Amino acid sequence: MEQCIALVDCNNFFVSCERVFRPDLDGRPMVVLSSNDGCVISRSDEAKRLGIRMGEPWFKVKGLHKYRDVMAFSGNFPLYSDLSNRVKCMLADFSPVHEEYSVDESFLDLTGFDDIRERSCAIREIVRKQAGIPVCIGIGPTKTLAKLANFVAKKHPKSKGIFFYNVLDRQQKRVLLDKIPVDEVWGIGQRLSRSLRRLGIGTVCQLHDSDIKAMRARFGVPMERLVSELRGIPCIEIADISPPRKQIMSSRSFGERITKQDDLENAMAFHATKIGRQLRKQESVAGMVHVFLETDPFRKDRPQYHPYISLPLVEPTSSTVEINRYAMIGLHRIYKSGYEYRKAGVCVSELSPESLFFPDMFADSRQERIMKVMDEINGQFGNGALRLSQDDWMHRYWEPRKERMSPRYTTSWNELAVCGD
DNA sequence: TCTGGGGTCCTAGGACCC
DNA sequence: TCTGGGGTCCTAGGACCC
């Protein structure tokens, strides 16, 4: 039986989340900004039509007269993450096999269902009604074709948000694939698309018809798989159970330039805390801690310094206290005064399941107990109720700017939406 | 003048994704 | 003044070994 994969993709997800609580903004051009209100990371259709590009720096956009009516919101990630979970729960009812691919996309395996069209309509309707989020659905025999079908569903109003790609319909295939530029294919980025164009491959149709052996020889196995997927031969499986992360990172650009080691310590403690929490949540321990600092690469007139250090842990851990201790050691080794730092971060790698790790029988088990208490208290009273002394929110001078933030309608009691809002 | 050949492992950096 | 954050995978090239 031919495989049937649907890709459900939330339209302009972050913007749609803001509109759930501000329906008055429907039809208005609006954008959501990255951390520090740096650049545009989500655009409404109206903003796209005005010509605002993805990733465009906000300071450039806001100065232009033609964009004067555009509403901008600072990224409200707790809100988006909460709404994302609600949507995922709804989707799970429509297929036993599904993969949560990203915050706003899920693959559903619809193989064997004989009511795929009705099912897709129901998905759209229920997610719109119950979560307030509009979605588009692309359906095809492989994940790559489902992605492409989703692109068509989004672009063509005639499809009404659902597009079914049929490999057997040669006429449809020709007409459709010939119109789509090759860089719309999942896995073809800027560089590959440039190389392909030099070979005379500019459309999806041309890539589909290319000599697969020659493509493999020139670009490697991933490209061979990609061409096969375009031809309807599945090479990328649905990852039903999401594998545990192999590394966990936390980093931020600062709201203002930071020079003092104290302030960097404060930021590092924040990152170490966040990482510890995530490690324990996925029941992993880390074997390596990495710490990095960055000055502003856009300020060519200032001295640049981008140090990075990796420290192996004596014993793998998920303890916030231990990760913070190593982060501080790393920071002290790489910190140099006289630079204006713009960004700092902590990363852990060499993760392994907690259950496979047998601690030294003489090891101090207090850490584990302390972390348990910390997670319990923070679970009840909110993250930050119990924290490291260095993770001092009264002195977070480095915190990114969020000047246009909407309330955390769904994740903070003090900011709940009320009638009339 | 002339400086093996092939395998493995590791790492940094690039490319891609959202 | 102002340019995100968090991932994965692949590859080239160096180090090292026999």
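Note that the structure is a prediction, hence the values are computed from the model and not measured. Naming convention: chains lettered A, B, ... in sequence-line order (proteins, then strands); numbering from 1 in each chain.
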Checklist entry - How close or far is atom P of C:dG6 from atom CZ of A:Arg277, stated in whole angstroms? => result 12 Å
Checklist entry - Just checking A:Val185: base, sugar-phosphate only, or nothing, at a heavy-atom cut-off of under 4.0 Å? => result sugar-phosphate
Item to check | A:Lys48 NZ: over 12 foreign heavy atoms closer than 6.0 Å | outcome: yes
Checklist entry - Which is true for A:Gln190 with a 4.0 Å heavy-atom rule: it touches a base, it touches only sugar-phosphate, or it touches nothing? => result sugar-phosphate
Item to check | C:dT3 phosphate, OP1 or OP2, under 4.0 Å from A:Lys343 side-chain N/O | outcome: no
Checklist entry - Got a sec: does the CD of A:Glu237 have more than 12 other heavy atoms crowding it under 6.0 Å? => result no
Next on the checklist: For a salt bridge (charged side-chain N to carboxylate O under 4.0 Å, His left out) check, start with the C-alpha distance between A:Asp9 and A:Lys154, then their side-chain angles and the critical distance, and finish with the verdict.
Outcome noted: CA-CA 9 Å; A:Asp9 190 329; A:Lys154 278 225 168 78; 3.2 Å; yes
Checklist entry - Do A:Lys147 and A:Glu105 come close enough that some side-chain heavy atom pair is under 4.5 Å? => result yes
Checklist entry - With sugar-phosphate meaning primed atoms plus P, OP1 and OP2, does A:Trp58 contact a base, only sugar-phosphate, or nothing at under 4.0 Å between heavy atoms? => result nothing
Checklist entry - CZ of A:Arg245 versus C1' of C:dG5: gap in Å, rounded? => result 13 Å
Next on the checklist: Quick test of your reading of the model: are A:Lys213 and A:Asp211 salt-bridged, counting only N-O distances below 4.0 Å?
Outcome noted: no
Checklist entry - Given that A:Pro400 and A:Val221 both sit by DNA chain C, which one's nearest nucleotide is further toward the 5' end? => result A:Pro400
Checklist entry - For C:dG7, does either OP1 or OP2 sit under 4.0 Å from a side-chain N or O belonging to A:Gln282? => result no
Item to check | Worked verdict on A:Glu125 versus A:Arg128 for salt bridge (charged side-chain N to carboxylate O under 4.0 Å, His left out) | outcome: CA-CA 5 Å; A:Glu125 207 179 307; A:Arg128 176 87 224 203; over 6 Å; no
Item to check | Protein-nucleotide distance (A:Glu294, atom CD; C:dT3, atom C1'), rounded to Å | outcome: 12 Å
Checklist entry - If each of A:Gly55 and A:Gln278 is mapped to the nucleotide of DNA chain C with the nearest heavy atom, which maps nearer the 5' terminus, i.e. the 5' end? => result A:Gly55
Checklist entry - Base, sugar-phosphate, or nothing: which does A:Tyr101 touch, judged by heavy atoms less than 4.0 Å apart? => result sugar-phosphate
Next on the checklist: Can you measure A:Lys143 atom NZ to B:dC18 atom P for me and round it to whole angstrom units?
Outcome noted: 12 Å
Next on the checklist: Run the side chain to side chain donor-acceptor pair (under 3.5 Å) test on A:Ser95 and A:Asp109 for me, step by step, so that the C-alpha distance in whole Å, both residues' side-chain angles and the decisive distance to 0.1 Å come before the verdict.
Outcome noted: CA-CA 6 Å; A:Ser95 164; A:Asp109 189 348; 6.0 Å; no
Item to check | A:Arg257 vs C:dC2: side-chain N/O to OP1/OP2 distance below 4.0 Å | outcome: yes
Checklist entry - Can you check salt bridge (charged side-chain N to carboxylate O under 4.0 Å, His left out) on A:Arg174 and A:Asp209, steps first, answer last? => result CA-CA 10 Å; A:Arg174 289 273 134 215; A:Asp209 293 345; 3.1 Å; yes
Checklist entry - Using a cut-off of less than 4.0 Å, is there contact between a side-chain N or O of A:Ser35 and OP1 or OP2 of C:dG5? => result yes
Checklist entry - Which string of ( ) [ ] | and . matches DNA chain C, if you list each base 5' to 3' and count Watson-Crick or G-U pairs only when both distances are under 3.5 Å? => result ....||||||||||||||
Item to check | A:Phe270 six-ring centre to A:Arg396 NZ/CZ under 6.0 Å and within 45° of normal | outcome: no
Next on the checklist: Check this one for me: any side-chain N or O of A:Arg342 less than 4.0 Å away from OP1 or OP2 of C:dG4?
Outcome noted: yes
Item to check | Contact under 4.0 Å: A:Ser34 side-chain N or O vs C:dT3 OP1/OP2 | outcome: no
Checklist entry - Would you say A:Phe298 stacks on C:dT3, if stacking means ring centres under 5.5 Å apart and planes within less than 30 degrees? => result yes
Checklist entry - Does a nitrogen or oxygen in the side chain of A:Arg252 sit under 4.0 Å from OP1 or OP2 of C:dG6? => result yes
Item to check | A:Lys274 NZ to C:dG5 C1', straight-line distance once rounded to whole Å | outcome: 8 Å
Next on the checklist: Considering every strand and a 4.0 Å limit on heavy-atom distances, what is the contact class for A:Asn36: base, sugar-phosphate, or nothing?
Outcome noted: nothing
Next on the checklist: What contact category does A:Glu256 fall into here, base, sugar-phosphate, or nothing, at under 4.0 angstrom with non-hydrogen atoms?
Outcome noted: nothing
Item to check | C1' gap between B:dG4 and C:dC17, integer Å | outcome: 14 Å
Checklist entry - Contact class for A:Leu33 (heavy atom, under 4.0 Å): base, sugar-phosphate, or nothing? => result nothing
Item to check | Presence of A:Lys62 side-chain N/O under 4.0 Å of C:dT3 phosphate oxygens OP1/OP2 | outcome: no
Item to check | Minimum-distance nucleotide to A:Lys246 side chain [options: C:dT1, C:dC9, B:dC18] | outcome: C:dC9
Item to check | Between P of C:dG5 and CZ of A:Phe270, the distance in whole Å | outcome: 11 Å
Next on the checklist: Can you tell me if A:Lys147 touches the phosphate of B:dC18, counting only side-chain N or O atoms and a distance under 4.0 Å to OP1 or OP2?
Outcome noted: yes
Item to check | Any A:Ser251 side-chain N or O less than 4.0 Å from OP1/OP2 of C:dG6 | outcome: yes
Next on the checklist: From NZ of A:Lys60 over to P of C:dG4, roughly how many Å is that when rounded to an integer?
Outcome noted: 11 Å
Item to check | Spacing between A:Lys281 atom NZ and C:dG6 atom C1', to the nearest angstrom | outcome: 15 Å
